[in-house]
Amino acid sequence: MSGKPVVIGSDHAGYEMKMSLIEELRALGHQVLDLGCNGPESVDYSDFGKAVAQAIADGQGERGVVVCGTGIGISIAANRNLGVRAAVCHDETSARLAREHNDANVLALGARLIGPEVAKACLRVFLATEFAGGRHAARVAKLGS
Ligand code: RB5
């Protein structure tokens, strides 16, 4: 991974988990670009998924993390951007395979579905795992960019 910051964003349902993931990222020595939201007041996941995606597409960061209640809405929003491959992950295996097979550059998490320790484990694996390339490279290329 580059020394660029990890870009992170959430809606209100993911706010608390986002803050604990920021702590984890800093403890791991990463810079963090936090694009909000900034509190538990109700907001729209679409705005924050798109903001993180745009920052990744613009090269402000190499990897991103998005959190909403399920991880689904905010991943759909992020995936509207062709520079982004966002994967909803619920465990370390899905986080590892999202990197190895799909070269996912955004990790999407559901704060109402998984606990904070599982989320942190997903995050660590997501950041530590390289894309396997090989047979997966042509498939990923067909997704467009
Ligand atoms: C917000 O209530 C909830 O709908 C949102 O966080 C997310 O789960 C949508 O996919």
Side-chain angles (χ1 to χ4, degrees), residues 1-2 4-132 136-137 139-145:
M1 271 191 65
S2 69
K4 287 184 181 180
V6 176
V7 185
I8 193 163
S10 76
D11 73 355
H12 55 289
Y15 174 71
E16 202 177 312
M17 179 172 281
K18 182 191 70 162
M19 297 316 288
S20 88
L21 293 175
I22 289 174
E23 244 177 65
E24 179 71 7
L25 284 165
R26 293 195 170 129
L28 292 169
H30 293 281
Q31 300 288 321
V32 178
L33 175 58
D34 179 7
L35 298 181
C37 66
N38 299 315
E41 299 77 28
S42 183
V43 293
D44 298 330
Y45 58 78
S46 8
D47 295 332
F48 298 91
K50 284 183 181 176
V52 170
Q54 196 56 54
I56 296 293
D58 290 346
Q60 293 181 66
E62 190 184 320
R63 305 269 176 91
V65 182
V66 291
V67 192
C68 69
T70 59
I72 296 171
I74 204 160
S75 69
I76 292 172
N79 276 320
R80 299 284 181 193
N81 190 315
L82 282 182
V84 163
R85 291 173 300 281
V88 186
C89 298
H90 298 111
D91 50 45
E92 291 179 63
T93 304
S94 49
R96 178 175 57 77
L97 290 173
R99 287 289 311 132
E100 285 181 358
H101 288 200
N102 312 114
D103 199 15
N105 52 6
V106 172
L107 172 67
L109 297 167
R112 291 175 178 162
L113 303 181
I114 62 171
E117 292 310 315
V118 173
K120 285 181 202 168
C122 289
L123 176 66
R124 288 192 295 267
V125 169
F126 187 79
L127 295 176
T129 306
E130 292 302 321
F131 178 44
H136 304 294
R139 297 165 184 164
V140 169
K142 284 186 178 181
L143 296 172
S145 61

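Remember, it's 1-based here, ligands and their atoms both numbered in the order they're listed.
Within a 6.0 Å sphere centred on NZ of K50, heavy atoms belonging to other residues, nucleotides or ligands number 12 at most.
At the shortest separation from atom 10 (O) of ligand 1 among protein heavy atoms lies G73 N, 2.9 Å. What sits closest to atom 6 (O) of ligand 1 on the protein, heavy atoms only, is D11 OD2, 2.6 Å. In terms of protein heavy-atom proximity, atom 2 (O) of ligand 1 is closest to R112 NH1, 3.2 Å.
Shown in contact with C68 at under 4.0 Å from a heavy atom are these atoms of ligand 1, numbered in order with element: 6 (O), 7 (C), 8 (O), 9 (C), 10 (O). Near H12, the atoms of ligand 1 lying under 4.0 angstrom from a non-hydrogen atom of the residue are 1 (C), 2 (O). With ligand atoms numbered from 1 in the order given, ligand 1 contributes 5 (C), 6 (O), 7 (C), 8 (O) to contacts under 4.0 Å with heavy atoms of G69.
Proximity of A13 to ligand 1, defined as any heavy-atom pair under 4.0 Å, is confined to the side chain (atoms from C-beta onward). When non-hydrogen atoms are compared, ligand 1 lies under 4.0 Å from the backbone of T70 as well as from its side chain.
When all heavy atoms of C68 and A13 are compared, the closest pair comes out as C-CB, 4.2 Å.
Distance check on atom 4 (O) of ligand 1: every protein heavy atom falls at or beyond the 4.0 Å cut-off.
Put simply, the side chain of R26 never gets that close to the backbone of Q31: no donor and acceptor are under 3.5 Å apart. In terms of modelled atom types and a separation under 3.5 Å, the side chain of T129 and the main chain of F126 share no donor-acceptor contact. Put simply, the side chain of N81 gets close to the backbone of G83: a donor and an acceptor are under 3.5 Å apart.
Using bins of under 30°, 30° to 60° and over 60° for the plane-to-plane angle, the ring pair F131/H136 lands in the tilted bin.
Among the atoms of I74, none of the N or O lies under 3.5 angstrom from an N or O of ligand 1.
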Fill in: Verdict with supporting geometry, R124 and E92, salt bridge (charged side-chain N to carboxylate O under 4.0 Å, His left out)
CA-CA 9 Å; R124 288 192 295 267; E92 291 179 63; over 6 Å; no
